[in-house]
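In what follows, a structure is listed as structure tokens, so that the remarks can point back to it.
Here the structure is a predicted model, which is why all the values come from computation and not from measurement.
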Amino acid sequence: GTTTPLARLAVLGAAIALALTAFGHSGAAADTSFTFNGGGWGHGVGMSQYGACGMASQGKSYTQILSHYYTGTTVSSRTEPSNLRVLLTDSSTITLTTAGSTTISGVGTVGSGKTINLRRSGNNVVLSGAVSATVAAPLTVNQSGAMRISPPNNRFDRGHLVVRTTPGSSTKLRAVIEGLSTRDYLLGLGEMASSWPAEALKTQATAARTIALVHAGSSGDHDLKGYLDGAYIGYDMAAISGTTYFAKWTAAVDATAGKVITHNGTPISSAVYSSSSGGRTENSENVWYASVP
């Protein structure tokens, strides 16, 4: 089984008391201090997500939380990107499981519940399973419903899938979801429990929107990495959250529409966040290499 941190401390305290007794020292006579060192989970730069939850529970607004973690910044309005491209995977094989009528460029339309395997052969995509075909890359897939893409083994119901050959590799294919509005992207971001306080959810939406704005229009074949810039899990965010809590996340995204974090009028380049920080966060140059606002 598992124990909570407080339970583990209680067990440790009991063990210390027993040890002192065994050596002939009573708790009252002992004049000893104990220091417990701990940390968080993640890189420790920018916003602590659990910290944001705690501050929101204490009545802080999302703008107050953001200015606390992103020192010297303000929340400003900007036009949201309208055509985001999110990289899902670079893999030697990709498996699609359809959830509705799905159109594949150069192949045709397949129905629901079909499994299609993709692999690379030179500059072509070889399809097997429900259909057998070889199509020159890039391959475009317009899905109806929440199509499962593996890896990363999540379902996606917004935008459309484009499969390309991976640059610098002779064997891998690259799966990118394209045509996402910023709202579409944020609704599929599985970064914070949607049961958390509304002001905490607003901080997450604003930080993620800032990252999306800064990366939008990249010169490559994608703007964001769905496993690095934010955990983009698509439809599964709604499925995991459930109707009531996903409505809270949707409300947070909509309530902060167009809001980003700025420094001296410019969106900050690194609106990063991690799970928890043990009560302290660190300057970017002490964790990575550059000092940024």
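- By the 4.5 Å side-chain criterion applied to Ile, Leu, Val, Met, Phe, Trp and Tyr, Val260 is assigned to a cluster that also includes Leu213.
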Residues 239-246, side-chain donor-acceptor partners within the protein, below 3.5 Å, at least two apart:
residue : atom : partner : partner atom : Å
Ser241  : OG   : Ser194  : OG           : 2.9
Ser241  : OG   : Met237  : O            : 2.7

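- Hydrophobic clustering keeps Val86 apart from Val272 (ILVMFWY residues linked when any side-chain heavy atoms are closer than 4.5 Å, directly or through intermediates).
- Val125 and Ile116 fall within the same hydrophobic cluster, defined by Ile, Leu, Val, Met, Phe, Trp and Tyr side-chain heavy atoms under 4.5 Å apart, directly or through other members.
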Next item on the list: Let me see the working for Leu88 and Ile94 under side chain to side chain contact (heavy atoms under 4.5 Å, CB included), right down to the final yes or no.
Entry: CA-CA 11 Å; Leu88 300 182; Ile94 298 172; over 6 Å; no
Cut-off 3.5 Å, no hydrogens considered: what does the side-chain donor-acceptor table look like for residues 38-48, sequence neighbours left out?
residue : atom : partner : partner atom : Å
His43   : ND1  : Val45   : N            : 3.0
His43   : NE2  : Tyr273  : O            : 3.1
Ser48   : OG   : Gly51   : N            : 2.9

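- Remark: Asp184 pairs with Arg158, Leu180, Ser181 by the side chain to side chain contact (heavy atoms under 4.5 Å, CB included) rule, at least two apart or across chains.
- With contacts defined as side-chain heavy-atom distances shorter than 4.5 Å, the pair Arg174/Pro167 qualifies.
- Rounded to the nearest 0.5 Å, atoms CD1 (Ile261) and OG1 (Thr206) are 6.5 Å apart.
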Checklist line | Derivation of the side chain to side chain contact (heavy atoms under 4.5 Å, CB included) call for Leu127 and Leu139 | finding: CA-CA 10 Å; Leu127 298 85; Leu139 179 76; 4.3 Å; yes
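- Put simply, the side chain of Gln49 never gets that close to the backbone of Met192: no donor and acceptor are under 3.5 Å apart.
- Between the side chain of Thr166 and the backbone N or O of Ser169 there is no donor-acceptor pair closer than 3.5 Å.
- Counting only residues at least two apart or in different chains, ring-ring contact (aromatic ring centres under 6.0 Å, His included) contacts with residues 59-85 are absent.
- The closest donor-acceptor contact from the side chain of Asp157 to the backbone of Gly145 lies at 3.5 Å or more, if one exists at all.
- Note on residues 104-124: no pairs pass salt bridge (charged side-chain N to carboxylate O under 4.0 Å, His left out), not counting sequence neighbours.
- The CD1 atom of Ile268 sits 5.5 Å away from the OG1 atom of Thr73 when rounded to the nearest 0.5 Å.
- Checked by atom type and distance alone, the side chain of Thr262 never pairs as donor or acceptor with a backbone atom of Pro267 at under 3.5 Å.
- Counting only residues at least two apart or in different chains, side-chain hydrogen bond (donor to acceptor under 3.5 Å, both in side chains) contacts with residues 99-108 comprise Thr103-Thr109.
- Evaluation of the side chain to side chain donor-acceptor pair (under 3.5 Å) rule for Thr256 yields Arg209 as partners, not counting sequence neighbours.
- The distance from the CG atom of Leu161 to the CD atom of Glu178 is 8.5 Å, given to the nearest 0.5 Å.
- Contacts of Ser61 classified as side chain to side chain donor-acceptor pair (under 3.5 Å), with partners at least two apart in sequence or in another chain: Thr63, Gln64.
- Hydrophobic clustering (side-chain heavy atoms under 4.5 Å, transitive across Ile, Leu, Val, Met, Phe, Trp, Tyr) groups Val135 together with Leu118.
- Distance alone, capped at 3.5 Å, is enough to place a donor-acceptor pair between the Trp249 side chain and the Leu186 backbone.
- Within the 3.5 Å criterion, the main-chain N or O of Asn153 finds a donor-acceptor partner in the side chain of Arg148.
- For Ser77, the side chain to side chain donor-acceptor pair (under 3.5 Å) criterion is met by Lys259, not counting sequence neighbours.
- Residue-environment remark: CG (Asn123) stays at or below the threshold of 12 foreign heavy atoms within 6.0 Å.
- Taking NE2 of His160 as the start and CD1 of Ile177 as the end, the distance is 8.5 Å to the nearest 0.5 Å.
- Rounding to the nearest 0.5 angstrom, the gap separating the CD1 atom in Ile211 from the CG atom in Asp223 is 13.5 Å.
- In the hydrophobic clustering of ILVMFWY residues, with side-chain heavy atoms under 4.5 Å counting as a link, Val107 and Leu96 come out together.
- To the nearest 0.5 Å, the span separating NZ on Lys60 from OG1 on Thr203 amounts to 14.5 Å.
- Under the 4.5 Å side-chain criterion, counting only non-hydrogen atoms from C-beta, Val253 is in contact with Arg183.
- Counting heavy atoms from C-beta on, the side chains of Asn117 and Thr93 never come closer than 4.5 Å.
- Residues Pro81 and His215 fail the side-chain proximity criterion, which asks for heavy atoms closer than 4.5 Å.
- With sequence neighbours left out, Tyr235 forms a ring-ring contact (aromatic ring centres under 6.0 Å, His included) with no residue at all.
- Put simply, the side chain of Thr98 gets close to the backbone of Gly111: a donor and an acceptor are under 3.5 Å apart.
- The main-chain N or O of Thr95 is never found under 3.5 Å from a side-chain atom of Ser150 such that the two would form a donor-acceptor pair.
- The ring-ring contact (aromatic ring centres under 6.0 Å, His included) search around Phe156 returns Tyr232, not counting sequence neighbours.
- Residues Tyr185 and Leu87 do not share a hydrophobic cluster, defined by chaining ILVMFWY side chains whose heavy atoms lie under 4.5 Å apart.
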